[in-house]
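Below you'll find the structure, written out as C-alpha cells, and then a few comments.
Ligands are counted one by one from 1 in listed order, and the atoms in each one are counted from 1 as well. In this text the structure is predicted, and so the values were computed from the model without any measurement.
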Amino acid sequence: MDNRAVGVFDSGLGGLTAVRELRRLLPSENIIYFGDTSRVPYGGKSEETLIRYSQQDMAFLRSKDVKAVLIACGTATTAALPTLQRENDIPVLGVVDAACRRAVEATRNKRVGLIATAASVRSGVYERTMRTMDSTIRTVSCACPLFVSLVENGRYRRGDAVVELVAREYLEPMKATGVDTLILGCTHFPLLEDVIADVMGPEVTLINAGAEAARELALVLEKGDLLRDGVGSITLYASGDAAEFGELAGHFLDEPMVKPVEPVNIEND
Ligand code: DGL
C-alpha cells in the first residue's frame, strides 16, 4: 500500500480524459493534476522545448511527493517519455503504448488511423510502436491542431457548427482511406468523441489514448502494491487562468470540484 497521490500532467484539459477513467477505476486514489495552460498548445513546439516543458511539469508533480506519474499527453509522451523515465525513480507512464496495444487488438483490416498533434505525428512514435507489435499494420496519420484550441476554448459539443466543420475537413479524407480503427492520439480529442464518431461512422473503432493509459496505470499500481485505501480526491493545478480551467474541468469530469484550481508559475516554481 502507498498513500501518496498519483500525478498526471498535460498541456491543458486533455489529460482529464485519463483522470476521468482513473477516477472510475481507482476511486480511492488521490490525484494531483497539472494543466500547463499558460503554454498550451504543445503540439507545435520543438522536441527540445517539449522535453524541457515535460521536465518542469514532472518536477512540479514530484514536489508534491507523488508515487507515480502519468504523462496524459500524446505530444509530451512522444517527445519526453524515455527522458522522464530515465530521470525518475518512480513509475512514469505515457499514453502511446497502451493506445497502440488496444488499436492493434481492435483492427480487423490492419489499417489504423492516427489523429494527433503535429509534433506527435512528426515523431513517428505511434507508427513505430504499432509496427513492433504487428508488422502488418498500416498507419494513416493526420495532424489536427485546431481541435486542441477548440477544446481549450470550451468548444467540443455536437451541434457546434465550427467544431463540426473542422472535424469534417480533417476526418473525411481519413475516413476515405478505409481505416477501421482510429487512435485519438492527443488526449484532448476524446472530448470531441461524439463529433469525431459522427464523421467516422459506427464501423470505425475509436481508441481513447488517455483512458487506455489510465487502465495501464491502474494495473501498474496494483501489481506494485501501490494502491491506496479510503476516499480519493482530485487536486487541480494550472499555469494559466485557474478559474477558467476549473470551470471547464468540472464540466468535463462530471463531478463537483471541491477545491478551487491552484495557480502555478511553472517557469519559476
Ligand atoms: N493533449 C496533448 C496531447 O495529447 C497536447 C495538445 C497540445 O497541447 O497541443 O498531445
In the structure I gave you, are the side-chain heavy atoms of Y53 and K45 within less than 4.5 Å of one another anywhere? yes

Is it true that the side chains of D57 and Y42 contain a donor and an acceptor less than 3.5 Å apart? yes

What do the steps show when you test I196 against I115 for side chain to side chain contact (heavy atoms under 4.5 Å, CB included), and what is the final call? CA-CA 11 Å; I196 294 171; I115 53 172; 4.1 Å; yes

Centroid-centroid distance, F9 to Y33, less than 6.0 Å: no

Are side-chain N/O atoms of Y156 and D194 paired as donor and acceptor at under 3.5 Å? no

At a 4.0 angstrom heavy-atom cut-off, what protein residues surround ligand 1? D10, S11, V40, P41, Y42, G43, C73, G74, T75, T117, V148, C186, T187, H188

Quick one: does D180's side chain have a donor or acceptor within less than 3.5 Å of a partner on R108's backbone? yes

